[in-house]
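These notes are about the structure you will find just below.
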Amino acid sequence: MENKLTQWPDDPPTTTRHIRLLAEAAAEFFDVPIEGLKSAKRTNELVWPRSICIWAARQAGYSYPVLGKWWNRQHSTTHHAVQLVDELRKKPGYETQLRQFMLFFKNYTRNVEKK
């Protein structure tokens, strides 16, 4: 009898729930629409929150191609977003806002899980 498990890849499909929750939290925290975050628009009001989401998802272990696919971007663009956050964190105001958002996100996910 042939092993039917050979049709399955070594790794299971990636769930994007964490990325979606990051986007929802960022939309609420920064008061921007999720559609705007996923859009091609490159205004500072959208790029910074989008980049934070990408950075946080990367910290959680998501690959650049997975992030690119979810955010409708090339994986090199998601790599640049991570670099942007790393550079802007050197400025105290951005570091403070990033920390505030990450705390907000932590509380946001707790509230979502309670529902």
Quiz item: Can you name the closest pair of heavy atoms from F30 and P49 and give their distance?
Solution: CD1-CB, 3.5 Å

Quiz item: Counting heavy atoms not belonging to R99, are there more than 12 under 6.0 Å from its CZ?
Solution: no

Exercise. Considering non-hydrogen atoms only, spot the tightest contact between D86 and W55 and give its length.
Key: OD1-NE1, 3.1 Å

Practice problem: Grab the two heavy atoms, one from A27 and one from P33, that are nearest each other, plus how far apart they are. | Solution: CB-C, 4.3 Å

Quiz item: Do other residues, nucleotides or ligands put more than 12 heavy atoms under 6.0 Å from N72 CG?
Solution: yes

Quiz item: Looking at residues at least two apart in the chain, or sitting in another chain, which of them share a side-chain hydrogen bond (donor to acceptor under 3.5 Å, both in side chains) with W48?
Solution: Q97

Quiz item: Sequence neighbours excluded, which residues qualify as side chain to side chain contact (heavy atoms under 4.5 Å, CB included) partners of E28?
Solution: F104, Y108

Quiz item: If you group Ile, Leu, Val, Met, Phe, Trp and Tyr by side-chain heavy-atom gaps below 4.5 Å, do L88 and V47 land in one group?
Solution: yes

Practice problem: Please test E24 against L21 for side chain to side chain contact (heavy atoms under 4.5 Å, CB included), starting from the C-alpha separation and ending with a verdict. | Solution: CA-CA 5 Å; E24 290 172 1; L21 289 173; 3.6 Å; yes

Quiz item: Roughly how far, to the nearest 0.5 Å, is the SG atom of C53 from the OH atom of Y62?
Solution: 12.0 Å

Self-check item: More than 12 heavy atoms of other groups within 6.0 Å of K38 NZ
Solution: yes

Quiz prompt | Check: I19 main-chain N/O paired with T16 side-chain donor or acceptor under 3.5 Å | solution = no

Quiz item: Just wondering, more than 12 heavy atoms not from H80 lying within 6.0 Å of its NE2?
Solution: no

Exercise. Count the heavy atoms belonging to other residues, nucleotides or ligands that lie under 6.0 Å from OH of Y94, then report whether that count exceeds 12.
Key: no

Exercise. With rounding to the nearest 0.5 Å, note down the distance linking CD1 in I54 to CG in L37.
Key: 9.5 Å

Quiz prompt | Backbone of W71 reached by a side-chain donor or acceptor of R73 within 3.5 Å | solution = yes

Practice problem: Please identify each residue that fulfils side chain to side chain contact (heavy atoms under 4.5 Å, CB included) with H75, with sequence neighbours left out. | Solution: Y64, P65, T78

Quiz item: If every non-hydrogen atom of L22 is compared with every non-hydrogen atom of A57, which pair is closest and at what distance?
Solution: CD1-N, 3.7 Å

Quiz item: What residues, two or more places apart in sequence or in another chain, satisfy side-chain hydrogen bond (donor to acceptor under 3.5 Å, both in side chains) together with K106?
Solution: none

Exercise. Please name all residues satisfying side chain to side chain contact (heavy atoms under 4.5 Å, CB included) with S76, sequence neighbours left out, ordered by chain then number.
Key: Q74

Exercise. Taking all heavy atoms of A23 and all of I34, pick out the closest pair and write down the distance.
Key: O-CG1, 3.8 Å

Quiz item: Shortest non-hydrogen contact from A25 to F101?
Solution: C-CE1, 3.7 Å

Quiz item: Under the salt bridge (charged side-chain N to carboxylate O under 4.0 Å, His left out) rule, what pairs show up with a residue in residues 44-63, not counting sequence neighbours?
Solution: none

